[in-house]
Amino acid sequence: MASETKIVNLAQEAKLAREGVVKAPSYAFLTICKSLVAGGVAGGVSRTAVAPLERLKILLQVQNPHNIKYNGTIQGLKYIWGTEGFRGLFKGNGTNCARIVPNSAVKFFSYEQASKAILQLYQKQTGNEDAQLTPLLRLGAGACAGIIAMSATYPMDMVRGRITVQTEKSPYQYRGMFHALSTILREEGPRALYKGWLPSVIGVIPYVGLNFAVYESLKDWLIKSKPFGLVQDSELSVTTRLACGAAAGTVGQTVAYPLDVIRRRMQMVGWNHAASIVAGDGTGKVPLQYTGMVDAFRITVRYEGFGALYKGLVPNSVKVVPSIAIAFVTYEVVKDILGVEIRISD
């Protein structure tokens, strides 16, 4: 009986809050939880859908240039299937989802809050209460969200990268996420969990920033201009929103990709078995050493050429375009189902 009364009270608070009569704390908390759930679901669904391409991208990024095992998207996927089976295509996806679900939840929620704060400041400075977010302001909000989400979940990304590059021939195996975490902490210290953090943060600013800016700006333009009959009753279809997300993903990942390559390589530094892992067999013995981000760029370009900064770009493009599109649309659909305001920004 008490639980029924509480449910009724929550429903009444929600109704009054939606009508603007009261600002119900429990309703506000529920809305935050729903937003976080929507963001988490969006991240998990989108990443699992493209997990094989994600693993191949990382393998291409870190493999030894003198011992090529993966040579292109189709060949690479076939090689993984032939040597490791179906499960090999999804190796590291559990850890990736454990990282991306909270990352995506924090990222979408942070973007909403940053957008509101930036919009209020912009309206106050311009003296125009009807002012809307410009593409540049959306870029700033997206960058803030990306930095917060990346920093909060970076150790999981570090561990996921190492688990992902393991193959059946690797001389040493992490048995899972927690085993990898404990091993890295024991052998390399807690700072090792943030190796590659700087290029990650620098890369996430244009990547996440452009994703949100391009997606939201494209949606606004389509709704206002209504070209080709794509908009009906000020609503975009799922297909149109997927196209907006695909465009956003393409722009963001192309700009930030070299920093992603450097981040992965820096994550391998200090790992005793990294050289043989990236060689694909047990023959590589030369340790991987970079003194920092700039040194990693210098060594990579010097010995492998400028093109090495775009290793794995093709499978990443094939992965990112649908992944970003699915993430944005899933987020909006789940929020709609949960009864939360759909628009990501005002």
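Owing to the predicted nature of the structure, the values given are computational and were not obtained by experimental measurement.
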Return the set of residues passing ring-ring contact (aromatic ring centres under 6.0 Å, His included) with F90 (not counting sequence neighbours), or none when no residue passes.
F86
A42 versus T330, closest heavy-atom pair with distance:
CA-CG2, 3.7 Å
So which heavy atom on A51 is nearest to which on N93, and how close?
CB-OD1, 3.5 Å
Under a single-linkage rule joining Ile, Leu, Val, Met, Phe, Trp and Tyr whose side-chain heavy atoms are separated by less than 4.5 Å, which residues share a cluster with L136?
L139, L210, V214, L218, V251, V255
Between F212 and F108, is the ring-ring contact (aromatic ring centres under 6.0 Å, His included) condition met? List the steps.
CA-CA 9 Å; F212 279 110; F108 278 104; 5.7 Å; yes
I'd like to check V208 versus I147 (side-chain heavy atoms, cut-off strictly below 4.5 Å). Are they in contact?
no
Point-to-point distance, once rounded to the nearest 0.5 Å, from CD of Q253 to NZ of K57
9.0 Å
Rounded distance (nearest 0.5 Å) linking atom CE of M156 with atom CD1 of I163
8.0 Å
Shared hydrophobic cluster, I100 / L193 (ILVMFWY, side-chain heavy atoms < 4.5 Å):
no
So which heavy atom on N103 is nearest to which on A149, and how close?
ND2-O, 3.2 Å
Distance, nearest 0.5 Å, that separates CD1 of I80 from CG of L89:
6.0 Å
S182 side chain to H179 main-chain N or O, any donor-acceptor pair under 3.5 Å?
yes
Assigning hydrophobic clusters by single linkage (Ile, Leu, Val, Met, Phe, Trp, Tyr; side-chain heavy-atom cutoff under 4.5 Å), is I202 placed with V261?
yes
Does Y111 belong to the same Ile/Leu/Val/Met/Phe/Trp/Tyr cluster as V106, with side-chain heavy atoms less than 4.5 Å apart forming each link?
no
Do S115 and L133 make a side-chain contact, defined as non-hydrogen atoms from C-beta onward lying under 4.5 Å apart?
yes
Can you find a pair of side-chain heavy atoms, one from L56 and one from Y79, that are under 4.5 Å apart?
no
Short side-chain to backbone donor-acceptor contact, T134 and L137, under 3.5 Å
yes
Heavy-atom pair of closest approach, residues K69 and Q75:
O-NE2, 3.3 Å
R55 side chain to G88 main-chain N or O, any donor-acceptor pair under 3.5 Å?
yes
Separation between CG (D157) and CZ (R263), nearest 0.5 Å, reads 4.5 Å
Heavy-atom closest pair, residues G44 and C97
O-SG, 4.3 Å
Within the side chain of S104, is there an N or O that forms a donor-acceptor pair under 3.5 Å with the backbone of G39?
yes
Inter-residue atom distance S200.OG - M158.CE, 0.5 Å rounding:
10.5 Å
Is it true that a side-chain atom of Y154 and a backbone atom of K195 form a donor plus acceptor pair closer than 3.5 Å?
yes
Is any side-chain heavy atom of L259 less than 4.5 Å from a side-chain heavy atom of M293?
yes
If the threshold is 4.0 Å, N to carboxylate O, is there a salt bridge linking E187 and R162?
no
Okay, side chain of Y257, backbone of K311: is any donor-acceptor separation there less than 3.5 Å?
yes
NZ-CG distance between K124 and L119, expressed to the nearest 0.5 angstrom
13.5 Å
For the residue pair R138 and S217, what are the closest heavy atoms and their distance?
NH1-OG, 3.4 Å
Are L53 and I74 in one and the same hydrophobic cluster, where Ile, Leu, Val, Met, Phe, Trp and Tyr link if side-chain heavy atoms are under 4.5 Å apart?
no
Take the angle between the ring planes of Y215 and F328 and call it parallel below 30°, perpendicular above 60°, tilted in between.
parallel
Between E332 and K335, does any NZ, NE, NH1 or NH2 come within less than 4.0 Å of an OD or OE carboxylate oxygen?
no
Assigning hydrophobic clusters by single linkage (Ile, Leu, Val, Met, Phe, Trp, Tyr; side-chain heavy-atom cutoff under 4.5 Å), is V294 placed with I299?
no
Does E216 reach the main-chain N or O of P135 with its side chain, forming a donor-acceptor pair under 3.5 Å?
no
